[in-house]
Number of protein chains: 2
Amino acid sequence: MDAETLPISGERVAIRVHHWLRQQLMRSRFRPGEKLKLRTLAEELGVSPTPVREALARLVSEGALEQVDHRSARVPVLSDVRLREVCELRCDLEGKAAERAAERAGPADAEALAAIHARMTQARVEGRMAEMLVENERFHMQLCALARMPVLLRMVEGLWLQCGPLNAGLQHMRFLHRPEDHPHHEVIRGIRQRDGGLARLAAQRDITLYADALLRRLPEINATQER
Amino acid sequence: MDAETLPISGERVAIRVHHWLRQQLMRSRFRPGEKLKLRTLAEELGVSPTPVREALARLVSEGALEQVDHRSARVPVLSDVRLREVCELRCDLEGKAAERAAERAGPADAEALAAIHARMTQARVEGRMAEMLVENERFHMQLCALARMPVLLRMVEGLWLQCGPLNAGLQHMRFLHRPEDHPHHEVIRGIRQRDGGLARLAAQRDITLYADALLRRLPEINATQER
DNA sequence: GGAGCAAATTTGTTATCACAAAACTCGAAC
DNA sequence: GTTCGAGTTTTGTGATAACAAATTTGCTCC
């Protein structure tokens, strides 16, 4: 489950470091406000500072990290209004993606989506929360991929990355809804029935529920921030 | 008007190179499909390859450049469908920004916007097309800034950057509409009257007209691509 | 003249080094 | 006990060099 070491995938070291850091951010390894130190990361990964530098620069450009005092990079501390903005944009963009996906996806795509959701539910009931979060992300990204809008997909990935460090606060959260009431079910139904409006509304409801839960937890999450 | 040399602004070399490359892309200095070579750029700017590398990596992450064969970076060649997608997303996001700006901006903001548009019109009638494009970009970015949504602003900047290399094709284009019919006027009116719906529709009409004109020119623009 | 292939050159990647600025440490003074 | 400051350490930046992969060149053979 854990991967303290660099993934073998990808050829260039800088790309591998970028993926690794991305994964660590989505798994909330770093707390909001924490500074990421060049040599520390390089030493842990067994590489030189140069590719780590490139990876950090990319993450800053993607909005996953923020530059502080024009020197070091740190995990952003999301304010209440900023988290609301990210979630509002996710509603717009993922809503559009869901609608387009319903128009373009075939039956096999809908079943693949259902399979992902099933794995997610299984992980949740068995208490493997980290895995649950991974499958949830996979569900949303797969939905966006079905819309066949690569620019939109990239933007949604960026928005997810900005929320990543906060997901730790969801690990110990109670169920937001009973399994059979999960909004994903209606999303899947929208895809199956090629009902774009239904898929859009369901996706937006899913995000809204997530946002509300996160906003309630935000004060205590930010209380644990570094510095 | 021209700036072959690095801007003095910003402290770090990598940041300056990044800004410079961004500017060059918006001014269509590089053709679609052109490869950007590390040592060539570094020599031209009188710096070492290291900061140029970081700048290129950032631009790839922003979608302004694309990685080819996992090695070099090149200016993307926008297909018809991809340009449509970018413009559709611009419609959605800038439309939302215009609506929010109308709700949040004050009278002084509206006049500042009108002043930018006046400078743009002046530049256009006097044939200074490059300057016209700069002022047009300033108008749209200022509009997004008035919405006070920093995440949205960053995403719109990214979308503009992807269209930047194509703007050369607009330099020699006929007027899209008579000056008094320019959609910007209705955007400004929407801001003045705090009419979010009007501002949104006008902004979207502006983008649609731009997109249609660009799509007509796209074949000949892509015909001049490199390699 | 064109195809194939090897040498030479170009080009991107990464590690190392020197440097400057920021952060930290540790006393001393009040 | 707190504050200030000098010296040390840490940390990021950018140039350089070594290396590898890709590209180009130029020659031969058909």
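Residue numbering restarts at 1 for every chain, and letters A, B, ... go by the order of the sequence lines. The figures here come from the full heavy-atom set of this structure, side chains too, leaving out hydrogens, waters and symmetry mates.
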Between D/dT10 atom C1' and A/E43 atom CD, what is the distance in whole Å?
13 Å
C/dT13 phosphate, OP1 or OP2: any side-chain N/O from A/R12 under 4.0 angstrom?
yes
For A/L41 and C/dA15, what is the distance between atoms CG and P respectively, to the nearest whole Å?
14 Å
Could you state the atom-to-atom distance from CG of B/L45 to P of D/dG14 in whole Å?
13 Å
d(B/I15 CD1, B/R58 CZ) to nearest 0.5 Å is 4.5 Å
Working to the nearest 0.5 angstrom, can you tell me the gap between B/R90 CZ and B/C163 SG?
6.0 Å
Name the residue from A/Q122, A/H184, A/Q142 that meets the side-chain hydrogen bond (donor to acceptor under 3.5 Å, both in side chains) definition with A/H117.
A/H184
Sorted by chain and number, sequence neighbours left out, side chain to side chain contact (heavy atoms under 4.5 Å, CB included) with A/L78 holds for A/R82, A/L83, A/L166
Closest to the 5' end of DNA chain C, once B/H70 and A/P49 are matched to their nearest nucleotides, is B/H70
From the list C/dT11, D/dT23, D/dT16, which nucleotide is the closest neighbour of the side chain of B/S48?
D/dT16
Whole Å only: how far is the CZ atom of B/R53 from the P atom of D/dG12?
18 Å
Tell me the interatomic distance from A/H18, atom NE2, to C/dT13, atom C1', rounded to whole angstroms.
17 Å
Report the residue (B/K37 or A/E54) whose heavy-atom-nearest nucleotide on DNA chain C is the more 5′ of the two.
B/K37
Check whether any side-chain N or O of A/Q67 sits under 3.5 Å from a backbone N or O of A/R71 as a donor-acceptor pair, and report yes or no.
yes
Rounding to an integer number of Å, can you tell me how far A/Q67 CD sits from D/dT11 P?
17 Å
Please give, in whole Å, the distance from C/dC19 C1' to A/R39 CZ?
11 Å
Could you tell me the separation between the CG atom of A/L38 and the C1' atom of C/dA22, rounded to a whole number of Å?
15 Å
On the nucleotide D/dG14, are OP1 or OP2 found under 4.0 Å from the side-chain N or O atoms that B/T50 carries?
no
Over all strands shown, is A/L56 touching base, sugar-phosphate only, or nothing at heavy-atom distances under 4.0 angstrom?
nothing
